[in-house]
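To keep things clear, I will list the structure first and then write my remarks on it.
The model shown is predicted, which means the values in this text are computed figures rather than measured ones.
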Number of protein chains: 2
Amino acid sequence: MRLVIARCSVDYEGRLKAHLPEATRLLMVKADGSVLIHSDGGSYKPLNWMSPPATLRVLHEGLDDGVIEQWVVQSAKTDDRLLINVLENFHDTAHDLGVDPGLIKDGVEADLQRLLADQIETLGSGFSLIRREYFTAIGPVDILARDANGTTVAIELKRRGDIDGVEQLTRYLELLNRDPLLAPVRGIFAAQQIKPQARVLATDRGIDCVTLDYDAMRGVDDSASRLF
Amino acid sequence: MRLVIARCSVDYEGRLKAHLPEATRLLMVKADGSVLIHSDGGSYKPLNWMSPPATLRVLHEGLDDGVIEQWVVQSAKTDDRLLINVLENFHDTAHDLGVDPGLIKDGVEADLQRLLADQIETLGSGFSLIRREYFTAIGPVDILARDANGTTVAIELKRRGDIDGVEQLTRYLELLNRDPLLAPVRGIFAAQQIKPQARVLATDRGIDCVTLDYDAMRGVDDSASRLF
DNA sequence: ATGTCGATTTCGTGC
DNA sequence: GCACGAAGTCGACAT
């Protein structure tokens with residue numbers, strides 16, 4: 001990885017065009033040829049960048065007045081291109097980092113779904129699982145179950161429940177209820193947190209809302225699938 | 001901005017839990033207290049990070065064996081926390097970057113909309129523009145036009161057409177068709193790329209799909225509205 | 001402050 | 001490899 005602190009201007013041309021006026025920034029060049037241009041603020045997204053795979057070529061001649069060198073970062077797969085005009089170079093170091101073992105995550109929607117499928121009675125006594133990821137023409141229903149009365153239940157699962165999730169579940173219910181083998185199908189919107197507007201919309205459409213306690217569910221599930 | 005190259009392990013606890021095993025990485029500390037942890041590959045997204053505003057505290061005592069120092073990065077607004085155990089420090093520099101003037105863009109959905117409005121006959125001969133951003137009670141219709149038969153057409157425009165866009169257009173059509181001065185109103189879903197599931201849903205609802213070629217449209221449009 | 005929507009999204013997963 | 005959905009999404013803009 002090469003780290004350069006430089007006063008520079010940047011032009012990107014690819015799926016769109018973009019321009020960065022002259023300022024001092026960090027230029028990060030990774031081993032795969034990708035380049036990230038960071039300012040000293042904002043979040044993790046760079047001001048501009050080139051995704052890998054890419055190649056960096058440095059030009060020293062035929063440049064505009066005041067430009068020390070021009071970096072041409074060319075994507076290897078598309079014709080996206082990044083032009084960096086370097087006006088002043090304050091820092092330039094290279095470091096050998098090696099390959100990273102990568103991130104281990106816990107607590108995303110997939111974990112919630114697995115836990116809820118294992119503990120489907122959380123939703124009510126007599127509930128039984130039909131299957132996870134029940135595929136339809138318009139996408140997969142997170143969980144399909146049967147309640148104590150034998151009625152089919154479509155469950156939409158979110159970490160954070162907002163209106164989009166209710167819309168999604170509504171579409172599934174509309175489609176599933178056209179299937180005489182399944183109909184009538186009721187819906188349950190389950191999330192760690194459900195926003196008031198989403199709850200109102202769901203209730204209005206006859207969809208039940210359930211708030212899930214991830215920590216409690218993980219506590220019940222005594223399998224040895226622990227991170228730490 | 002402070003740049004550190006260090007062998008480290010990282011634990012994040014906040015909206016989820018995540019862990020990075022020991023490896024050599026770049027630790028970037030920005031002026032607003034945000035921290036980015038980058039490996040020498042991948043795209044612009046860091047392996048792990050803390051969004052601003054945040055504060056960095058460095059501990060030197062009571063650490064595990066082999067740990068030189070522990071960084072505690074605490075979000076100022078939430079209880080999200082990042083723990084970085086530094087095992088070896090290879091590089092540590094600080095740089096004054098100043099405030100960045102920011103990015104100037106061209107070629108996003110707004111530009112597509114302007115182009116399509118100018119070249120409304122792309123959608124069919126005899127088409128004429130009524131107006132862009134036709135405001136309704138539930139939001140603006142991207143483009144309202146009239147086809148060769150004089151029928152009103154509501155056009156929803158996306159760079160990438162997925163199901164959400166079809167839902168949006170459906171709501172507009174429902175509303176517009178209640179207006180006797182406009183009804184009947186047909187819909188066109190126009191995008192640079194339309195996903196199969198979105199196409200299925202649109203077709204099912206009697207909405208036409210059109211794929212747009214932005215480069216061709218930009219070529220036809222000979223106006224001098226260029227950035228550079 | 002809050003909600004909504006686009007993005008050069010990136011990232012994982014299933015087929 | 002392609003397509004789709006989630007994200008600790010981020011960011012911009014309107015209310």
Quick test: give all pairs of protein nitrogen or oxygen and nucleotides 1-5 of chain C nitrogen or oxygen below 3.5 Å, distance rounded to 0.1 Å.
| residue | atom | partner | partner atom | Å |
| --- | --- | --- | --- | --- |
| C:dT4 | OP1 | A:Gln197 | OE1 | 3.2 |

So what does A:Met50 hit on the nucleic acid, given a heavy-atom distance under 4.0 Å: a base, only sugar-phosphate, or nothing? nothing

Protein proximity profile, nucleotides 9-15 of chain D - base contact B, sugar-phosphate-only contact S, no contact -, cut-off 4.0 Å on heavy atoms: SSS----

What is the distance, rounded to the nearest whole Å, between atom CD of A:Gln192 and atom P of D:dA7? 10 Å

Interatomic distance, CG@A:Leu144 vs CD@A:Glu133, rounded to 0.5 Å, equals 11.5 Å

When the nearest nucleotide of DNA chain C is assigned to A:Leu103 and to B:Glu156 on a heavy-atom basis, which residue is associated with the more 5' position? B:Glu156

A:Glu133 CD to D:dA6 C1', straight-line distance once rounded to whole Å: 12 Å

For A:Asp32, all residues meeting salt bridge (charged side-chain N to carboxylate O under 4.0 Å, His left out), sequence neighbours excluded: none

I'd like to check the ring-ring contact (aromatic ring centres under 6.0 Å, His included) partners of B:Tyr44; sequence neighbours left out, ordered by chain and number. A:Trp49

For atom CZ of A:Arg114 and atom P of D:dA6, their distance in whole Å: 17 Å

Using side chain to side chain donor-acceptor pair (under 3.5 Å) as the criterion, list what pairs up with B:Asp179, not counting sequence neighbours. none

Return the value, rounded to whole Å, for the distance between atom CD of A:Gln113 and atom P of C:dG12. 18 Å

Do B:Glu156 and B:Tyr172 have side chains that approach each other closer than 4.5 Å (heavy atoms only, starting at C-beta)? yes

Value in whole Å for how far the P atom of D:dG5 lies from CG of B:Leu201: 11 Å

Who pairs with A:Leu201 by side chain to side chain contact (heavy atoms under 4.5 Å, CB included), at least two apart in sequence or on another chain? A:Ile163, A:Val166, A:Glu167, A:Arg205

The side chain to side chain donor-acceptor pair (under 3.5 Å) partners of A:Asp100 (sequence neighbours excluded) come to B:Arg25

What residues, two or more places apart in sequence or in another chain, satisfy side chain to side chain donor-acceptor pair (under 3.5 Å) together with A:Thr152? none

All side chain to side chain contact (heavy atoms under 4.5 Å, CB included) counterparts of A:Gln192, not counting sequence neighbours: A:Leu112, A:Arg159, A:Tyr214

Figure out the NZ/P separation between A:Lys17 and C:dA7, and round it to whole Å. 17 Å

Round to a whole Å and report the spacing from CG of B:Leu16 to P of D:dA6. 15 Å

When rounded to whole Å, the CD to P distance for the pair A:Glu167 and D:dG5 reads 15 Å

